[in-house]
Amino acid sequence: MRRRRAKKLPARRIVAAAIALATTACNDIRPNDRDVPDADAPDAAEAADAEAGADADPPRPALLDDAGRTVIYVGVNVGQTSKEPPDFMPGLSDADYDLLVAWGVTIVRFLVFWEAIEPGPGTHDEAYLAAVRAEIDRIGARGIDVAIDMHQDVFGRGFGFAGAPRWACPEEHYATFERAEPWFVNYLAPEVTACFDHLWRNSDVRERYRDSWARAARALGDHPAVVGFDLMNEPAPGSATAAVFERDVLSAFYDMVGSAALASAPGRLLLLEPSLIVNLGARTRLPPFGPGEVYAPHYYPAFTETGGYDGRAAAVRAGLGELAADAARLGAPLVIGEFGIRNDAAGAQRYVADALDAALELGASALVWDMSRGGPGSFSLLDGDGRPHPTAGALARPYPHRIAGRLVSSICDRPSGALEIVWEESGVAGPTVVVLPPALFPSVRVTSSDPPGSWTFEHDAVRGRLALAVDPSVTPHRFRFERP
């Protein structure tokens with residue numbers, strides 16, 4: 001009976017994947033000029049804004065690097081294949097990772113698992129963490145940053161999914177469980193709800209999770225490629241209401257776990273996800289964030305799992321705009337930790353392009369699910385032989401990556417792939433770095449309205465990065481990048 005009731009629900013993907021290679025797909029990006037749309041229906045977050053007399057969303061802080069430059073990422077998740085024991089590794093070749101460079105990827109969200117770190121209570125697998133570090137070596141050697149994601153699906157191993165070790169929940173909750181399809185409706189099972197309740201209510205279990213994060217941070221956090229920690233993938237509220245869960249339970253959990261992770265690896269970002277109900281279009285009730293904390297929701301409209309994309313880019317912009325409005329309320333930068341679509345869905349490639357456009361319009365970063373090998377109907381970027389699926393065509397695009405100032409606009413012309421950016425000085429030193437994917441830009445022509453002799457550039461055509469040095473007395477700066 002539970003299974004039949006679940007199938008009547010609209011299918012909303014809770015995790016998913018898609019994207020990769022070479023066609024340019026980019027729109028007019030003006031993160032500082034865009035009005036962020038409000039949600040259609042008022043909720044607690046909007047009511048709070050109204051109560052405060054806020055006629056418009058407050059400005060959202062930019063993601064900054066150590067030099068103070070504004071950072072924008074286009075990235076991928078690595079990956080679905082990691083969910084399989086015994087090694088929990090992504091199984092990607094050097095050629096697979098080289099594709100990320102060709103596409104202009106600047107960040108990877110790398111999945112790790114509590115069950116792999118702590119297979120038995122108090123027993124930690126240092127060999128697994130060493131293997132993860134070796135994989136990060138391969139990614140970092142290509143000039144790509146890494147965010148470590150402690151991943152879970154449907155709680156974990158006791159229900160046949162990856163995440164929490166079996167011992168993290170009493171056995172009686174596993175005994176009566178019957179798996180349903182599609183996979184994500186299993187979150188509705190009373191046994192799964194009971195295990196999440198056990199996690200949120202049992203201090204010993206939460207402290208085990210915290211200590212495993214501290215182990216992971218100690219083993220991986222000093223790696224030069226690692227920029228942050230995603231403390232839990234898509235946390236489920238159990239039997240609590242969403243508002244109470246996010247306000248009273250999840251925020252306290254993040255404080256405890258984040259403090260332990262940062263004690264082992266100071267200075268790293270904390271990527272904080274809302275309750276997984278935000279995947280269904282709800283607005284988050286998390287309280288305001290602190291310094292170094294990033295709002296990292298996922299974005300999966302229903303059609304990404306069950307249908308095709310009809311090309312309504314305005315609806316995608318509105319959906320991502322709601323996430324941006326929440327980030328502004330939280331006072332946090334926005335990183336879309338996952339988005340994607342079934343790689344055989346109608347309009348899939350266009351959807352990926354439009355979603356990336358919308359994220360970049362908002363000045364947000366976005367990471368596609370999923371850099372793994374899989375057949376049609378999956379969210380994988382690659383087929384079984386390592387060839388990119390057509391959805392991969394939307395990923396490679398030029399974009400500003402590290403801006404030494406305030407980005408005013410970024411305009412990418414779809415047919416030609418030309419990129420034009422404008423930014424204002426803000427007292428930040430260092431070069432402005434633009435991503436020019438090698439798949440699209442084996443060489444480049446650079447023009448500017450800045451006076452001749454006041455700027456220079458270095459183009460690394462192998463890694464697809466161009467660094468601009470400019471005269472800070474000239475502002476704003478306007479540059480255009482074209483294929484000769």
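For clarity, every value in this text was computed on a predicted model and none was experimentally measured.
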R166/E115 salt bridge by N-O under 4.0 Å criterion:
no
Salt bridge check, D222 against R133: does any charged N sit closer than 4.0 Å to a carboxylate O?
yes
Residues passing the ring pair (Phe, Tyr, Trp, His ring centres under 6.0 Å) test with Y128, sequence neighbours excluded, are none
Once ring pair (Phe, Tyr, Trp, His ring centres under 6.0 Å) is applied, do any residues pair with Y351, and if so which ones, sequence neighbours excluded?
F303, Y309
Side chain to side chain donor-acceptor pair (under 3.5 Å), that's the test. Do S239 and R201 meet it? Break it down for me.
CA-CA 11 Å; S239 60; R201 296 170 182 172; 3.2 Å; yes
Straight-line distance of [X] [atom1] to [Y] [atom2], nearest 0.5 Å:
X	Y	atom1	atom2	answer
L100	I139	CG	CD1	7.5 Å
D211	H124	CG	NE2	6.5 Å
I136	L220	CD1	CG	5.0 Å

Could you check Q80 against S380 for side chain to side chain donor-acceptor pair (under 3.5 Å), going step by step and ending with a plain yes or no?
CA-CA 8 Å; Q80 178 69 26; S380 298; over 6 Å; no
Parallel, tilted or perpendicular: ring planes of [X] versus [Y], cut at 30 and 60 degrees:
X	Y	value
F196	W200	parallel
W167	W114	perpendicular
F253	Y209	tilted

Non-neighbouring partners of V227 that pass side-chain contact (heavy atoms from CB on, under 4.5 Å), sequence neighbours left out
Y73, I107, D145
The side chain to side chain contact (heavy atoms under 4.5 Å, CB included) partner of H298 among L367, N279, V278 is N279
With E338 as reference, evaluate D230, N77, D370, V76 under the side chain to side chain contact (heavy atoms under 4.5 Å, CB included) test and give the passing residue.
N77
Of all the heavy-atom pairs spanning P398 and C412, show the shortest one and how long it is.
CG-SG, 3.9 Å
Indicate yes or no: at least one non-hydrogen side-chain atom of M232 is less than 4.5 angstrom from one of E273.
no
Tested for ring-ring contact (aromatic ring centres under 6.0 Å, His included) against F177, the lone hit among Y187, F159, F155, F161 is F159
